[in-house]
Chemist: 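Handing you a structure now.
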2 protein chains.
Amino acid sequence: MTDIRPPAVVLVRSQLPENVGMAIRAMANFGLADLRLAGPRHAWPDPAATASASGALERASMEVSVYADLPAATRDLQTVHALTARPRALARETLDPAGSASRLRQAATRGERTGLVFGPESAGLANDELGVADTIVSIPATGFRSLNLAMSVLLMGYEWHRSGDAGGGPAATSLAPPAARNELEFFLDRLLAMLEESGFLYPPEKAPRMAASVRAIFTRNRLSDQELRTLHGILSSLRPSRGDSV
Amino acid sequence: MTDIRPPAVVLVRSQLPENVGMAIRAMANFGLADLRLAGPRHAWPDPAATASASGALERASMEVSVYADLPAATRDLQTVHALTARPRALARETLDPAGSASRLRQAATRGERTGLVFGPESAGLANDELGVADTIVSIPATGFRSLNLAMSVLLMGYEWHRSGDAGGGPAATSLAPPAARNELEFFLDRLLAMLEESGFLYPPEKAPRMAASVRAIFTRNRLSDQELRTLHGILSSLRPSRGDSV
(Lines give C-alpha, C1' and ligand atoms only; values in the text may rest on other atoms or scores of the structure.)
Protein backbone atom coordinates (compact mmCIF):
# COMPACT_ATOMS: atom_id res chain seq x y z
CA MET A 1 0.00 0.00 0.00
CA THR A 2 3.01 2.29 -0.11
CA ASP A 3 2.50 3.64 -3.57
CA ILE A 4 -1.10 4.79 -3.43
CA ARG A 5 -1.53 8.33 -4.58
CA PRO A 6 -4.37 10.23 -2.95
CA PRO A 7 -6.85 11.99 -5.24
CA ALA A 8 -6.11 15.45 -6.58
CA VAL A 9 -8.57 18.08 -5.38
CA VAL A 10 -9.79 20.29 -8.20
CA LEU A 11 -11.55 23.54 -7.28
CA VAL A 12 -13.44 25.02 -10.21
CA ARG A 13 -13.84 28.81 -10.48
CA SER A 14 -13.24 29.35 -6.78
CA GLN A 15 -14.33 32.83 -5.73
CA LEU A 16 -12.57 33.66 -2.48
CA PRO A 17 -8.98 32.84 -1.60
CA GLU A 18 -10.04 32.40 2.05
CA ASN A 19 -12.16 29.45 0.99
CA VAL A 20 -9.25 27.93 -0.89
CA GLY A 21 -7.15 28.32 2.25
CA MET A 22 -9.80 26.55 4.32
CA ALA A 23 -9.95 23.76 1.74
CA ILE A 24 -6.17 23.38 1.95
CA ARG A 25 -6.42 23.18 5.69
CA ALA A 26 -9.07 20.46 5.37
CA MET A 27 -6.99 18.50 2.83
CA ALA A 28 -3.88 18.55 4.98
CA ASN A 29 -5.53 16.53 7.72
CA PHE A 30 -5.93 13.54 5.47
CA GLY A 31 -2.80 13.57 3.39
CA LEU A 32 -4.31 15.15 0.28
CA ALA A 33 -1.51 17.28 -1.18
CA ASP A 34 -2.34 17.94 -4.83
CA LEU A 35 -4.58 20.99 -5.19
CA ARG A 36 -5.57 22.25 -8.61
CA LEU A 37 -7.32 25.57 -9.18
CA ALA A 38 -9.29 25.56 -12.42
CA GLY A 39 -10.03 29.10 -13.60
CA PRO A 40 -9.94 30.71 -10.14
CA ARG A 41 -11.73 34.08 -9.81
CA HIS A 42 -8.96 35.40 -7.59
CA ALA A 43 -5.20 35.79 -7.75
CA TRP A 44 -2.90 32.99 -6.71
CA PRO A 45 -0.86 32.88 -4.52
CA ASP A 46 -2.80 35.05 -2.12
CA PRO A 47 -2.03 36.09 1.45
CA ALA A 48 -5.63 35.63 2.63
CA ALA A 49 -5.52 32.02 1.47
CA THR A 50 -2.24 31.44 3.22
CA ALA A 51 -3.68 32.87 6.43
CA SER A 52 -6.82 30.77 6.37
CA ALA A 53 -4.80 27.64 5.59
CA SER A 54 -3.39 27.99 9.14
CA GLY A 55 0.07 26.73 8.27
CA ALA A 56 -1.09 23.79 6.19
CA LEU A 57 0.20 25.31 2.97
CA GLU A 58 3.80 25.28 4.13
CA ARG A 59 3.83 22.45 6.58
CA ALA A 60 1.87 19.85 4.67
CA SER A 61 3.98 20.15 1.51
CA MET A 62 0.90 21.05 -0.43
CA GLU A 63 1.35 21.43 -4.15
CA VAL A 64 -0.97 24.03 -5.68
CA SER A 65 -1.23 24.51 -9.43
CA VAL A 66 -3.40 26.83 -11.48
CA TYR A 67 -5.13 25.82 -14.73
CA ALA A 68 -7.26 27.73 -17.21
CA ASP A 69 -10.27 25.49 -16.81
CA LEU A 70 -11.57 22.13 -15.66
CA PRO A 71 -10.56 20.10 -18.71
CA ALA A 72 -6.99 21.38 -18.40
CA ALA A 73 -6.92 20.64 -14.69
CA THR A 74 -8.06 17.03 -15.10
CA ARG A 75 -6.10 16.11 -18.23
CA ASP A 76 -3.80 13.59 -16.61
CA LEU A 77 -6.44 12.04 -14.34
CA GLN A 78 -7.93 8.65 -15.04
CA THR A 79 -10.77 8.53 -12.57
CA VAL A 80 -12.68 11.72 -11.82
CA HIS A 81 -15.51 12.13 -9.35
CA ALA A 82 -17.43 15.41 -9.13
CA LEU A 83 -19.41 16.73 -6.18
CA THR A 84 -22.85 18.18 -6.49
CA ALA A 85 -25.60 18.95 -4.04
CA ARG A 86 -28.24 18.25 -6.68
CA PRO A 87 -27.60 15.11 -8.66
CA ARG A 88 -29.55 15.94 -11.78
CA ALA A 89 -30.52 13.69 -14.63
CA LEU A 90 -26.98 13.22 -15.75
CA ALA A 91 -26.89 9.59 -16.69
CA ARG A 92 -24.00 9.14 -14.33
CA GLU A 93 -23.71 6.91 -11.39
CA THR A 94 -24.18 8.79 -8.12
CA LEU A 95 -22.29 7.64 -5.03
CA ASP A 96 -22.19 8.80 -1.46
CA PRO A 97 -18.83 9.96 -0.04
CA ALA A 98 -17.91 6.54 1.34
CA GLY A 99 -18.75 4.83 -1.94
CA SER A 100 -16.74 7.39 -3.86
CA ALA A 101 -13.73 7.05 -1.59
CA SER A 102 -13.72 3.32 -1.85
CA ARG A 103 -13.98 3.51 -5.64
CA LEU A 104 -11.18 6.06 -5.82
CA ARG A 105 -8.97 3.94 -3.63
CA GLN A 106 -9.55 0.90 -5.79
CA ALA A 107 -8.51 2.95 -8.80
CA ALA A 108 -5.48 4.40 -7.04
CA THR A 109 -4.49 0.94 -5.92
CA ARG A 110 -4.44 -0.08 -9.57
CA GLY A 111 -2.04 2.82 -10.13
CA GLU A 112 -4.57 5.23 -11.61
CA ARG A 113 -4.47 8.95 -11.07
CA THR A 114 -7.68 10.10 -9.48
CA GLY A 115 -9.36 13.41 -8.74
CA LEU A 116 -12.25 14.99 -6.89
CA VAL A 117 -13.89 18.04 -8.48
CA PHE A 118 -15.67 20.76 -6.49
CA GLY A 119 -17.65 23.63 -7.98
CA PRO A 120 -17.61 27.31 -7.04
CA GLU A 121 -18.90 28.38 -3.64
CA SER A 122 -22.14 29.94 -4.80
CA ALA A 123 -23.46 27.86 -7.62
CA GLY A 124 -21.75 24.50 -7.76
CA LEU A 125 -20.68 22.90 -11.00
CA ALA A 126 -22.45 23.59 -14.27
CA ASN A 127 -23.93 20.64 -16.11
CA ASP A 128 -21.19 20.54 -18.72
CA GLU A 129 -18.59 20.58 -15.98
CA LEU A 130 -20.24 17.67 -14.24
CA GLY A 131 -19.95 15.95 -17.59
CA VAL A 132 -16.19 15.76 -17.16
CA ALA A 133 -16.65 13.37 -14.28
CA ASP A 134 -17.22 9.67 -14.69
CA THR A 135 -19.06 9.53 -11.37
CA ILE A 136 -21.13 12.01 -9.37
CA VAL A 137 -20.82 12.28 -5.60
CA SER A 138 -23.56 13.65 -3.41
CA ILE A 139 -23.07 14.34 0.28
CA PRO A 140 -26.18 13.35 2.25
CA ALA A 141 -27.88 15.73 4.62
CA THR A 142 -30.73 15.32 7.06
CA GLY A 143 -31.89 18.80 7.63
CA PHE A 144 -31.02 22.21 6.35
CA ARG A 145 -28.33 21.60 3.74
CA SER A 146 -25.58 24.16 4.08
CA LEU A 147 -22.12 22.83 3.33
CA ASN A 148 -19.45 25.22 2.21
CA LEU A 149 -16.55 24.35 -0.03
CA ALA A 150 -14.06 23.49 2.71
CA MET A 151 -16.64 21.36 4.53
CA SER A 152 -17.23 19.30 1.39
CA VAL A 153 -13.50 18.89 0.85
CA LEU A 154 -13.14 17.88 4.49
CA LEU A 155 -15.77 15.16 4.30
CA MET A 156 -14.26 13.71 1.13
CA GLY A 157 -10.77 13.78 2.61
CA TYR A 158 -12.08 12.08 5.72
CA GLU A 159 -13.72 9.34 3.69
CA TRP A 160 -10.57 8.90 1.63
CA HIS A 161 -8.68 8.39 4.86
CA ARG A 162 -11.31 5.99 6.17
CA SER A 163 -11.25 3.94 3.01
CA GLY A 164 -7.62 3.16 3.80
CA ASP A 165 -8.45 1.87 7.27
CA ALA A 166 -10.75 -0.90 6.23
CA GLY A 167 -9.56 -4.00 8.02
CA GLY A 168 -7.06 -2.12 10.09
CA GLY A 169 -9.63 -2.33 12.83
CA PRO A 170 -11.50 0.50 14.47
CA ALA A 171 -11.24 2.05 17.79
CA ALA A 172 -7.62 2.27 18.86
CA THR A 173 -8.21 2.04 22.56
CA SER A 174 -5.79 3.73 24.89
CA LEU A 175 -6.94 1.79 27.91
CA ALA A 176 -4.37 -0.08 29.92
CA PRO A 177 -4.88 -3.86 29.70
CA PRO A 178 -7.13 -5.33 32.37
CA ALA A 179 -5.51 -6.90 35.39
CA ALA A 180 -5.32 -10.64 35.65
CA ARG A 181 -8.44 -12.17 37.13
CA ASN A 182 -6.75 -13.28 40.34
CA GLU A 183 -5.75 -9.69 41.14
CA LEU A 184 -9.33 -8.59 40.67
CA GLU A 185 -10.58 -11.40 42.91
CA PHE A 186 -8.08 -10.49 45.59
CA PHE A 187 -9.40 -6.93 45.62
CA LEU A 188 -13.04 -8.04 45.63
CA ASP A 189 -12.42 -10.43 48.51
CA ARG A 190 -10.81 -7.65 50.51
CA LEU A 191 -13.63 -5.22 49.74
CA LEU A 192 -16.36 -7.71 50.60
CA ALA A 193 -14.65 -8.69 53.84
CA MET A 194 -14.55 -5.05 54.79
CA LEU A 195 -18.22 -4.61 53.88
CA GLU A 196 -19.11 -7.65 55.92
CA GLU A 197 -17.44 -6.07 58.89
CA SER A 198 -18.97 -2.66 58.26
CA GLY A 199 -22.49 -4.01 58.36
CA PHE A 200 -23.17 -3.14 54.73
CA LEU A 201 -23.96 -6.75 53.81
CA TYR A 202 -27.04 -6.83 55.96
CA PRO A 203 -29.50 -8.47 56.47
CA PRO A 204 -27.81 -11.85 55.89
CA GLU A 205 -30.47 -13.15 53.52
CA LYS A 206 -29.78 -10.26 51.17
CA ALA A 207 -26.00 -10.45 51.47
CA PRO A 208 -25.31 -12.73 48.48
CA ARG A 209 -27.30 -10.51 46.17
CA MET A 210 -25.66 -7.35 47.46
CA ALA A 211 -22.23 -8.92 47.12
CA ALA A 212 -23.04 -9.88 43.55
CA SER A 213 -23.96 -6.33 42.62
CA VAL A 214 -20.79 -4.97 44.20
CA ARG A 215 -18.79 -7.51 42.20
CA ALA A 216 -20.59 -6.49 39.02
CA ILE A 217 -19.73 -2.83 39.50
CA PHE A 218 -16.02 -3.55 39.75
CA THR A 219 -15.81 -6.39 37.28
CA ARG A 220 -17.57 -4.70 34.42
CA ASN A 221 -15.03 -2.04 33.70
CA ARG A 222 -11.95 -4.17 33.25
CA LEU A 223 -9.80 -2.52 35.89
CA SER A 224 -6.08 -2.27 35.20
CA ASP A 225 -3.33 -3.18 37.66
CA GLN A 226 -2.78 0.50 38.38
CA GLU A 227 -6.46 1.04 39.06
CA LEU A 228 -6.56 -1.92 41.43
CA ARG A 229 -3.63 -0.39 43.31
CA THR A 230 -5.62 2.86 43.55
CA LEU A 231 -8.64 1.00 44.91
CA HIS A 232 -6.50 -0.89 47.42
CA GLY A 233 -5.13 2.48 48.55
CA ILE A 234 -8.67 3.73 49.04
CA LEU A 235 -9.61 0.72 51.13
CA SER A 236 -6.51 1.17 53.26
CA SER A 237 -7.52 4.75 54.00
CA LEU A 238 -11.00 3.79 55.15
CA ARG A 239 -12.32 1.55 57.87
CA PRO A 240 -15.66 -0.02 58.75
CA SER A 241 -17.64 2.50 60.77
CA ARG A 242 -19.30 -0.23 62.80
CA GLY A 243 -15.82 -1.08 64.07
CA ASP A 244 -15.97 2.14 66.10
CA SER A 245 -18.25 0.72 68.67
CA VAL A 246 -15.87 -2.12 69.42
CA MET B 1 -36.70 5.10 14.41
CA THR B 2 -38.99 8.07 14.95
CA ASP B 3 -38.12 8.79 18.51
CA ILE B 4 -34.34 8.90 18.39
CA ARG B 5 -32.93 12.07 19.79
CA PRO B 6 -29.66 13.22 18.22
CA PRO B 7 -26.80 14.08 20.57
CA ALA B 8 -26.56 17.51 22.12
CA VAL B 9 -23.49 19.43 21.00
CA VAL B 10 -21.68 21.02 23.95
CA LEU B 11 -19.10 23.70 23.16
CA VAL B 12 -16.88 24.43 26.14
CA ARG B 13 -15.45 27.93 26.62
CA SER B 14 -15.88 28.84 22.96
CA GLN B 15 -13.87 31.93 22.11
CA LEU B 16 -15.34 33.42 18.96
CA PRO B 17 -19.01 33.69 18.06
CA GLU B 18 -18.09 33.18 14.37
CA ASN B 19 -16.88 29.71 15.21
CA VAL B 20 -20.09 28.94 17.05
CA GLY B 21 -21.99 30.08 13.95
CA MET B 22 -19.95 27.76 11.76
CA ALA B 23 -20.56 24.90 14.17
CA ILE B 24 -24.30 25.59 13.99
CA ARG B 25 -24.10 25.54 10.23
CA ALA B 26 -22.32 22.19 10.37
CA MET B 27 -24.86 20.75 12.83
CA ALA B 28 -27.82 21.78 10.72
CA ASN B 29 -26.80 19.55 7.84
CA PHE B 30 -27.24 16.45 9.91
CA GLY B 31 -30.23 17.24 12.06
CA LEU B 32 -28.37 18.14 15.24
CA ALA B 33 -30.46 20.85 16.89
CA ASP B 34 -29.49 21.03 20.58
CA LEU B 35 -26.49 23.31 21.05
CA ARG B 36 -25.19 24.05 24.54
CA LEU B 37 -22.60 26.71 25.24
CA ALA B 38 -20.70 25.97 28.45
CA GLY B 39 -18.98 29.08 29.80
CA PRO B 40 -18.65 30.85 26.43
CA ARG B 41 -15.99 33.58 26.27
CA HIS B 42 -18.31 35.76 24.18
CA ALA B 43 -21.78 37.17 24.41
CA TRP B 44 -24.79 35.19 23.22
CA PRO B 45 -26.77 35.76 21.06
CA ASP B 46 -24.29 37.46 18.77
CA PRO B 47 -24.77 38.91 15.27
CA ALA B 48 -21.43 37.53 14.02
CA ALA B 49 -22.52 34.02 14.96
CA THR B 50 -25.85 34.49 13.23
CA ALA B 51 -24.05 35.64 10.09
CA SER B 52 -21.62 32.75 10.00
CA ALA B 53 -24.42 30.27 10.62
CA SER B 54 -25.67 31.19 7.13
CA GLY B 55 -29.33 30.91 7.96
CA ALA B 56 -29.03 27.64 9.85
CA LEU B 57 -29.89 29.25 13.16
CA GLU B 58 -33.34 30.32 12.02
CA ARG B 59 -34.13 27.72 9.41
CA ALA B 60 -32.98 24.58 11.17
CA SER B 61 -34.93 25.26 14.40
CA MET B 62 -31.73 25.17 16.36
CA GLU B 63 -32.05 25.43 20.12
CA VAL B 64 -29.12 27.20 21.75
CA SER B 65 -28.72 27.36 25.52
CA VAL B 66 -25.99 28.86 27.66
CA TYR B 67 -24.62 27.23 30.82
CA ALA B 68 -22.05 28.33 33.38
CA ASP B 69 -19.77 25.37 32.82
CA LEU B 70 -19.45 21.85 31.47
CA PRO B 71 -20.98 20.02 34.45
CA ALA B 72 -24.06 22.26 34.25
CA ALA B 73 -24.36 21.73 30.50
CA THR B 74 -24.24 17.93 30.77
CA ARG B 75 -26.31 17.45 33.90
CA ASP B 76 -29.22 15.71 32.21
CA LEU B 77 -27.13 13.62 29.80
CA GLN B 78 -26.56 9.92 30.30
CA THR B 79 -23.94 9.17 27.67
CA VAL B 80 -21.26 11.77 27.07
CA HIS B 81 -18.45 11.54 24.53
CA ALA B 82 -15.69 14.15 24.43
CA LEU B 83 -13.43 15.04 21.53
CA THR B 84 -9.72 15.45 21.91
CA ALA B 85 -6.84 15.58 19.47
CA ARG B 86 -4.52 14.01 22.03
CA PRO B 87 -5.99 11.04 23.82
CA ARG B 88 -3.82 11.06 26.91
CA ALA B 89 -3.54 8.44 29.57
CA LEU B 90 -7.09 8.94 30.72
CA ALA B 91 -8.21 5.42 31.40
CA ARG B 92 -11.12 5.95 29.10
CA GLU B 93 -12.02 4.06 26.01
CA THR B 94 -11.08 5.97 22.87
CA LEU B 95 -13.21 5.61 19.78
CA ASP B 96 -12.97 6.97 16.27
CA PRO B 97 -15.89 9.10 15.01
CA ALA B 98 -17.72 6.18 13.44
CA GLY B 99 -17.38 4.09 16.59
CA SER B 100 -18.59 6.99 18.68
CA ALA B 101 -21.58 7.67 16.45
CA SER B 102 -22.64 4.07 16.49
CA ARG B 103 -22.33 3.93 20.27
CA LEU B 104 -24.31 7.16 20.67
CA ARG B 105 -27.01 5.89 18.38
CA GLN B 106 -27.33 2.67 20.35
CA ALA B 107 -27.72 4.72 23.51
CA ALA B 108 -30.23 7.08 21.90
CA THR B 109 -32.17 4.10 20.61
CA ARG B 110 -32.50 2.89 24.17
CA GLY B 111 -33.96 6.32 24.99
CA GLU B 112 -30.85 7.81 26.58
CA ARG B 113 -29.90 11.45 26.32
CA THR B 114 -26.50 11.76 24.71
CA GLY B 115 -23.99 14.52 24.11
CA LEU B 116 -20.79 15.34 22.28
CA VAL B 117 -18.38 17.72 24.02
CA PHE B 118 -15.93 19.94 22.16
CA GLY B 119 -13.21 22.07 23.75
CA PRO B 120 -12.23 25.66 23.05
CA GLU B 121 -10.70 26.54 19.69
CA SER B 122 -7.17 27.10 20.90
CA ALA B 123 -6.47 24.56 23.55
CA GLY B 124 -9.04 21.80 23.54
CA LEU B 125 -10.51 20.34 26.70
CA ALA B 126 -8.60 20.32 29.98
CA ASN B 127 -7.99 16.94 31.57
CA ASP B 128 -10.60 17.45 34.26
CA GLU B 129 -13.12 18.39 31.58
CA LEU B 130 -12.35 15.21 29.65
CA GLY B 131 -13.06 13.46 32.93
CA VAL B 132 -16.74 14.30 32.59
CA ALA B 133 -16.98 12.04 29.53
CA ASP B 134 -17.43 8.31 29.66
CA THR B 135 -15.75 7.90 26.29
CA ILE B 136 -13.09 9.84 24.39
CA VAL B 137 -13.33 10.43 20.66
CA SER B 138 -10.31 11.12 18.52
CA ILE B 139 -10.61 12.15 14.88
CA PRO B 140 -7.90 10.44 12.86
CA ALA B 141 -5.56 12.39 10.65
CA THR B 142 -2.94 11.35 8.19
CA GLY B 143 -0.84 14.39 7.80
CA PHE B 144 -0.75 17.83 9.28
CA ARG B 145 -3.52 17.84 11.87
CA SER B 146 -5.46 21.07 11.69
CA LEU B 147 -9.15 20.73 12.36
CA ASN B 148 -11.06 23.70 13.63
CA LEU B 149 -14.09 23.52 15.87
CA ALA B 150 -16.70 23.56 13.11
CA MET B 151 -14.81 20.90 11.14
CA SER B 152 -14.82 18.59 14.15
CA VAL B 153 -18.52 19.21 14.71
CA LEU B 154 -19.14 18.55 11.02
CA LEU B 155 -17.38 15.18 11.02
CA MET B 156 -19.21 14.04 14.12
CA GLY B 157 -22.55 15.18 12.66
CA TYR B 158 -21.77 13.36 9.45
CA GLU B 159 -20.97 10.15 11.30
CA TRP B 160 -24.11 10.51 13.38
CA HIS B 161 -26.07 10.72 10.16
CA ARG B 162 -24.23 7.74 8.69
CA SER B 163 -24.83 5.65 11.76
CA GLY B 164 -28.54 5.95 11.07
CA ASP B 165 -28.11 4.36 7.65
CA ALA B 166 -26.72 1.14 8.91
CA GLY B 167 -29.80 -1.01 8.97
CA GLY B 168 -31.31 0.22 12.22
CA GLY B 169 -28.45 -0.96 14.39
CA PRO B 170 -27.99 -3.80 16.82
CA ALA B 171 -27.26 -3.77 20.43
CA ALA B 172 -30.11 -3.72 22.83
CA THR B 173 -27.90 -4.36 25.85
CA SER B 174 -29.39 -5.72 29.00
CA LEU B 175 -27.52 -3.24 31.17
CA ALA B 176 -29.60 -0.84 33.17
CA PRO B 177 -29.42 2.67 31.74
CA PRO B 178 -26.68 4.85 33.16
CA ALA B 179 -27.60 7.39 35.79
CA ALA B 180 -27.84 11.04 34.84
CA ARG B 181 -24.56 12.87 35.06
CA ASN B 182 -25.46 14.95 38.10
CA GLU B 183 -26.14 11.79 40.15
CA LEU B 184 -22.73 10.45 39.24
CA GLU B 185 -21.10 13.77 40.14
CA PHE B 186 -22.87 13.80 43.46
CA PHE B 187 -21.45 10.38 44.29
CA LEU B 188 -17.95 11.31 43.11
CA ASP B 189 -17.99 14.50 45.19
CA ARG B 190 -18.97 12.54 48.24
CA LEU B 191 -16.33 9.88 47.64
CA LEU B 192 -13.57 12.42 47.02
CA ALA B 193 -14.50 14.44 50.09
CA MET B 194 -14.22 11.26 52.13
CA LEU B 195 -10.87 10.42 50.57
CA GLU B 196 -9.66 13.91 51.30
CA GLU B 197 -10.53 13.38 54.92
CA SER B 198 -9.04 9.90 55.02
CA GLY B 199 -5.65 11.12 53.89
CA PHE B 200 -5.79 9.10 50.65
CA LEU B 201 -5.39 12.23 48.52
CA TYR B 202 -1.90 12.86 49.77
CA PRO B 203 0.56 14.49 49.13
CA PRO B 204 -1.36 17.57 47.93
CA GLU B 205 0.64 17.94 44.72
CA LYS B 206 -0.46 14.48 43.64
CA ALA B 207 -4.07 14.93 44.73
CA PRO B 208 -5.54 16.18 41.40
CA ARG B 209 -4.04 13.27 39.52
CA MET B 210 -5.21 10.76 42.09
CA ALA B 211 -8.69 12.28 42.07
CA ALA B 212 -8.75 12.04 38.29
CA SER B 213 -7.95 8.35 38.33
CA VAL B 214 -10.60 7.69 40.96
CA ARG B 215 -13.09 9.55 38.79
CA ALA B 216 -12.04 7.54 35.75
CA ILE B 217 -12.65 4.25 37.52
CA PHE B 218 -16.21 5.18 38.41
CA THR B 219 -17.10 7.14 35.30
CA ARG B 220 -16.01 4.57 32.79
CA ASN B 221 -18.49 1.88 33.58
CA ARG B 222 -21.67 3.87 33.24
CA LEU B 223 -23.13 3.21 36.66
CA SER B 224 -26.88 2.88 36.93
CA ASP B 225 -29.05 4.57 39.55
CA GLN B 226 -29.25 1.29 41.46
CA GLU B 227 -25.48 0.89 41.41
CA LEU B 228 -24.98 4.42 42.66
CA ARG B 229 -27.32 3.64 45.53
CA THR B 230 -25.20 0.58 46.29
CA LEU B 231 -22.03 2.66 46.28
CA HIS B 232 -23.61 5.30 48.51
CA GLY B 233 -24.54 2.51 50.89
CA ILE B 234 -20.94 1.35 50.92
CA LEU B 235 -19.68 4.84 51.70
CA SER B 236 -22.18 5.19 54.51
CA SER B 237 -20.89 1.97 56.06
CA LEU B 238 -17.26 3.12 56.00
CA ARG B 239 -15.43 6.03 57.52
CA PRO B 240 -12.05 7.68 57.06
CA SER B 241 -9.53 5.85 59.23
CA ARG B 242 -7.57 9.04 59.86
CA GLY B 243 -10.66 10.32 61.62
CA ASP B 244 -9.80 7.89 64.45
CA SER B 245 -6.96 9.93 65.74
CA VAL B 246 -9.19 12.95 66.24
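Per chain, numbering begins at 1; letters A, B, ... match sequence-line order. Everything numeric here is computed off the predicted structure, so don't read it as measured data.
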Chemist: Looking at A/Ala26 and B/Met151, what are the two nearest heavy atoms and their distance?
Modeler: CB-CE, 3.7 Å
Chemist: Is any side-chain heavy atom of A/Val214 closer than 4.5 Å to one of B/Leu231?
Modeler: no
Chemist: As an exercise: rank B/Ser138, B/Gly31, B/Ala28 by heavy-atom pairs under 4.5 Å with chain A and give me the winner.
Modeler: B/Ala28
Chemist: Would you mind telling me which of A/Ile217, A/Leu223, A/Ile139, A/Leu191 has the largest number of heavy-atom pairs within less than 4.5 Å of chain B?
Modeler: A/Ile217
Chemist: Quick check on the interface: out of A/Pro6, A/Pro97, A/Ala33, who has the most heavy-atom pairs with chain B under 4.5 Å?
Modeler: A/Pro97
Chemist: More than 12 heavy atoms of other residues, nucleotides or ligands under 6.0 Å from CD of A/Glu63: is that the case?
Modeler: no
Chemist: Any sub-3.5 Å donor-acceptor pair from B/Asn29's side-chain atoms to A/Ala141's backbone N or O?
Modeler: no
Chemist: Decide side chain to side chain contact (heavy atoms under 4.5 Å, CB included) for B/Phe218 and A/Phe218; before the verdict, give the C-alpha distance in whole Å, the side-chain angles of both, and the deciding distance to 0.1 Å.
Modeler: CA-CA 9 Å; B/Phe218 291 98; A/Phe218 290 98; 3.8 Å; yes
Chemist: Would you sort out whether A/Thr142 and B/Leu32 count as a side chain to side chain contact (heavy atoms under 4.5 Å, CB included), showing the intermediate values?
Modeler: CA-CA 9 Å; A/Thr142 316; B/Leu32 305 185; over 6 Å; no
Chemist: If we define contacts as heavy-atom pairs under 4.5 Å, which of B/Gly233, B/Pro140, B/Ser54, B/Gly99 has the most with chain A?
Modeler: B/Pro140
Chemist: Go through the steps to decide whether B/Glu159 and A/Tyr158 satisfy the test side chain to side chain contact (heavy atoms under 4.5 Å, CB included), and finish with yes or no.
Modeler: CA-CA 11 Å; B/Glu159 284 290 4; A/Tyr158 172 75; 2.6 Å; yes
Chemist: So which heavy atom on A/Leu238 is nearest to which on B/Ser198, and how close?
Modeler: CD2-CB, 4.0 Å
Chemist: More than 12 non-hydrogen atoms from neighbouring residues, nucleotides or ligands closer than 6.0 Å to CD on B/Glu58, yes or no?
Modeler: yes
Chemist: Select one option (side chain, backbone, both, neither) describing which atoms of A/Ser61 are under 4.5 Å from chain B's heavy atoms.
Modeler: neither
Chemist: With chain A, which of B/Arg25, B/Met22, B/Arg145, B/Met194 has the greatest number of heavy-atom pairs at distances under 4.5 Å?
Modeler: B/Arg25
Chemist: Using a cut-off of 6.0 Å, state whether more than 12 heavy atoms not belonging to B/Arg59 lie near its atom CZ.
Modeler: no
Chemist: Please step through side chain to side chain contact (heavy atoms under 4.5 Å, CB included) for the pair A/Phe200 and B/Thr230, ending with a clear verdict.
Modeler: CA-CA 9 Å; A/Phe200 174 75; B/Thr230 298; 3.9 Å; yes
Chemist: Give a yes or no on whether the backbone of B/Ser237 and the side-chain of A/Ser241 come within a donor-acceptor separation of less than 3.5 Å.
Modeler: yes
Chemist: What part of A/Leu195 lies closer than 4.5 angstrom to a heavy atom of chain B: side chain, backbone, both or neither?
Modeler: side chain
Chemist: Measure across A/Arg162 and B/Ala98 and return the closest heavy-atom pair with its distance rounded to 0.1 Å.
Modeler: NH1-CB, 3.1 Å
